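One structure is given here, and the rest of the page talks about it.
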Amino acid sequence: MQLTLWTYEGPPHVGAMRVAASMTGVHYVLHAPQGDTYADLLFTMIERSGARPPVTYTTFQARDLGGDTAGLVIQAVRDAAERYRPDALLVGESCTAELIQDQPGSLAAGLGLQMPVVPLDLPSYSKKEHWGAAETFYQLVRAVCGPLAPAPGTPRPTRPADRRPRAAVLGPTTLGFRARDDVRELRALLADAGVDAHVVAPLGASVADLRRIAECDLVVCYAAEVAGTACEWVRRTFGLPVVKTVPIGVGATRDFLREVAEAAGAAPPVPAPDASRLPWYSRSVDSTYLTGKRVFVFGDGTHAVAAARVAVEELGFALVGLGTYSREMGREVRAAGQKYGVEAFVSDDYLDVEARIAAAAPELVLGTQMERHTAKRLGVPCAVISSPIHVQDVPARHSPQVGWEGANVLFDSWVHPLMMGLEEHLLHMFRDDFEFHDGAAPSHLGAKAAPAAAPRAPERVTTAEHEALLDAIAAEPTGVAVDEPDAEPARAVPAGAPRWQADAEAELRKIPFFVRGKARRNTERYAAERGVAAITLDTLYEAKAHYAR
C-alpha cells in the first residue's frame, strides 16, 4: 500500500461492494470505521445509481478499540439479516478493520442464520479492487451452485433438441466500463447466434439466477478481471465450455460469434454487410489520414488488449505503447504487446504511466480517466476506454463497447478527437489571416457585413525572452503548458541539447499537431548529429529537406 493522489483500483472490499451492488437480494456487512464509508459515493455520484449500495457498516470508532469490536460485528450481522432478509449475506472487512483481526466472516458463519453466509477473506495490503471483485463473485457462485454440482466424472446431459442453447454471461458489474450497455449488445449477439442469454451476472442477477448457471450449455466470460476465476470453476465443476473472446471491435465480434457457435454446436451467423460502419471507413479514402497514427493504450487488461487489436488491425494505427494496471492480466497484455511489436508493461503508478506516454510521443491516447488528464496536459487527443471512470463516462444514452454497435462507438470515440484536432489546428493556423481572423465578419453577409476589426498582430517573442522561458521550463520537471490554444506542453530541456530559437519555435507551431512531435524530434536529432547548439529557422528547414530525401 502506498500514499498517492490517484489510484487505478481501490482496496478489495470495494470490489466486493461492486458485486453486491450489482445484484438483487444480496447484502454486504462490512466491518469498517466510519471513514471507510466513502465508497458509497462511487455508486451514487459516478455510477449515478438511484439507490445506495446494499452495505451495512459496523462503523466502529476510536473509543471502541479498547472494547469488544467483535460484538459490533455480531450485532451488525444480526441486524442486517433481520432488517433486509437477503437471499445471501456477504461479510468482510475493510483495510483498516483488517488490522484488528476480528475475523468477521468466521463470526457471521457461526451465527446459524437462515440464509447463505459467504465469509470474505480479502487481504487489503496485497490485493486490489478487481481481485476483490473476482474473489467475491467466485465465492458467491461456489456457495450457491456448489450444492448443485454433479458427482465427479458424471457426463454432461445432452441438450434437448427442441430447446435453444443457453449461455451464462459472467462478469459485468456496476462501475464497469459501459457494462450496462454491453449487456444489451451481448444479448443481441447471442440471439443472432441462436443462443439464449439464460443468466447475466453479477449485474442485475439474483441468487436464484446464479443457481440457473447449472442449466446453461456454455459460459461467456465478459470480464476476466471479475469473472475469470468463477468461469474456470464452472468449467471444471459443470463441464461447460467457456467463450473467452470479448467482442470489442469487428474482428473480435466475428471471432466471438464463431466461438459461441462452436460451443453451442451450431453454425455461426452471417452478419449483415452494414452491421457496423467501422469497416466501411477503414476502406475509404478518408481513412488514409489515420494510417500510421501513433497510439498509446492503457487500461484494465480486457479493454487494453481489445483496444490494441482494434487500433492496429482495424484502424491502421501504429501502437507505440501498451500497458495495464491489472496485475492479474499481465500475461495476456504482455502477449498482446509481443504480437504488435511493443514491450507491454504493468504499472499502477499514474506518474510512471504519464512518463511513458510523454516518452512515446503518441498522437492519440486510449486510457482511463487519469490518462484523459495526462493527455490534456500533454496536448494530445484522448478517448477513455476503461475504468476507472468519471461521470461523463457513464452516459445516459446507449453507448456500448462490444458488438457491431460497439464498433461504431469506438470509431466515433477514437477518430473524432483526431478530426477535431485537425480542425482546431486549421483555425489556429489561419487566425491571423486578413479574411479569416477572429474579428472578420461572416463572408456570406457580403456588403451588409459589419466592419471587421483590425486583425490581431502576431505576437513576437524576443530571443532573450524565449531563452528565459526555456530556462524556467527546464527548472520545473513537470512543466506548465503555455496558455495558448495550440501550444505544446512544456518540455524539460536536457543539458547540452540543442535549444530552439524563438523564430524556429514559432514556425514549428505552424506544423499540424499530429506531426509536430515527429518534426521536433527529427530537427533535434539533425541538430545534435551536426553539433548545432541553437536551432534556428534555417536549421528547421534544413532538417525538413534532409528527412524528405
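This chain uses plain numbering: 1 for the first residue, then up along the sequence. None of the values given here were measured: they were computed from a predicted structure.
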Task: Side-chain donor-acceptor contact under 3.5 Å, S386 with D300 - done: yes
Open item on the list: Run the side chain to side chain contact (heavy atoms under 4.5 Å, CB included) test on L186 and Y222 for me, step by step, so that the C-alpha distance in whole Å, both residues' side-chain angles and the decisive distance to 0.1 Å come before the verdict.
Closed with: CA-CA 9 Å; L186 284 170; Y222 164 77; 3.6 Å; yes
Task: Distance (rounded to the nearest 0.5 Å) between F177 CZ and Q401 CD - done: 4.5 Å
Task: Geometric class of the W233/Y138 ring pair [parallel <30°, tilted 30-60°, perpendicular >60°] - done: perpendicular
- [ ] Give the intermediate values and the outcome of side chain to side chain contact (heavy atoms under 4.5 Å, CB included) for residues L190 and D196.
- [x] CA-CA 6 Å; L190 291 171; D196 294 331; over 6 Å; no
Task: Closest non-hydrogen atom pair, S106 against P119 - done: N-CB, 4.5 Å
TODO: Look up atom CG in L410 and atom CD1 in I248, then write down how far apart they are to the nearest 0.5 Å.
DONE: 7.0 Å
Task: R356 to F345 six-membered ring, cation-pi geometry met (6.0 Å, 45°) - done: yes
Task: Exceeds 12 heavy-atom contacts within 6.0 angstrom, atom CZ of R78 - done: no
Task: Minimum-distance pair of heavy atoms, taken over all atoms of A252 and E314 - done: N-OE2, 4.4 Å
Open item on the list: Within the 3.5 Å criterion, strictly below it, is a donor on T136 or Q139 matched to an acceptor on the partner's side chain?
Closed with: no
- [ ] Please lay out, stage by stage, how R18 and T173 fare under the test side chain to side chain donor-acceptor pair (under 3.5 Å).
- [x] CA-CA 6 Å; R18 287 175 58 179; T173 67; 2.9 Å; yes
Task: Atom of E225, atom of G301 and distance for their closest heavy-atom approach - done: OE2-N, 2.9 Å
TODO: Apply side chain to side chain contact (heavy atoms under 4.5 Å, CB included) to E9 and D348, showing your working.
DONE: CA-CA 8 Å; E9 296 183 89; D348 60 358; over 6 Å; no
Task: Residue pair H130 / E328, side-chain donor-acceptor N/O under 3.5 Å - done: no
TODO: Would you check if there is a donor-acceptor pair between the side chains of E93 and H13 at a distance under 3.5 Å?
DONE: no
Task: Heavy-atom closest pair, residues V19 and A133 - done: CG2-O, 3.6 Å
TODO: Inspect the contact between R163 and D217 and indicate whether a charged nitrogen and a carboxylate oxygen are less than 4.0 angstrom apart.
DONE: yes
Open item on the list: Ring centres under 6.0 Å, that's the criterion: do Y57 and H31 meet it?
Closed with: no
Open item on the list: Is the shortest side-chain heavy-atom distance between P362 and V295 below 4.5 Å?
Closed with: no
Open item on the list: For a side chain to side chain contact (heavy atoms under 4.5 Å, CB included) check, start with the C-alpha distance between F296 and L319, then their side-chain angles and the critical distance, and finish with the verdict.
Closed with: CA-CA 6 Å; F296 191 103; L319 189 67; over 6 Å; no
TODO: Indicate whether the side chain of S347 and that of D352 have a donor and an acceptor atom separated by less than 3.5 Å.
DONE: yes
Task: Separation between CG of D182 and CD of E185, rounded to the nearest 0.5 Å - done: 8.0 Å
Task: Rounded distance [0.5 Å steps], CG in L364 versus CZ in R294 - done: 12.0 Å
- [ ] Mind telling me whether Y8 and F298 have parallel, tilted or perpendicular rings, with 30° and 60° as the class edges?
- [x] tilted
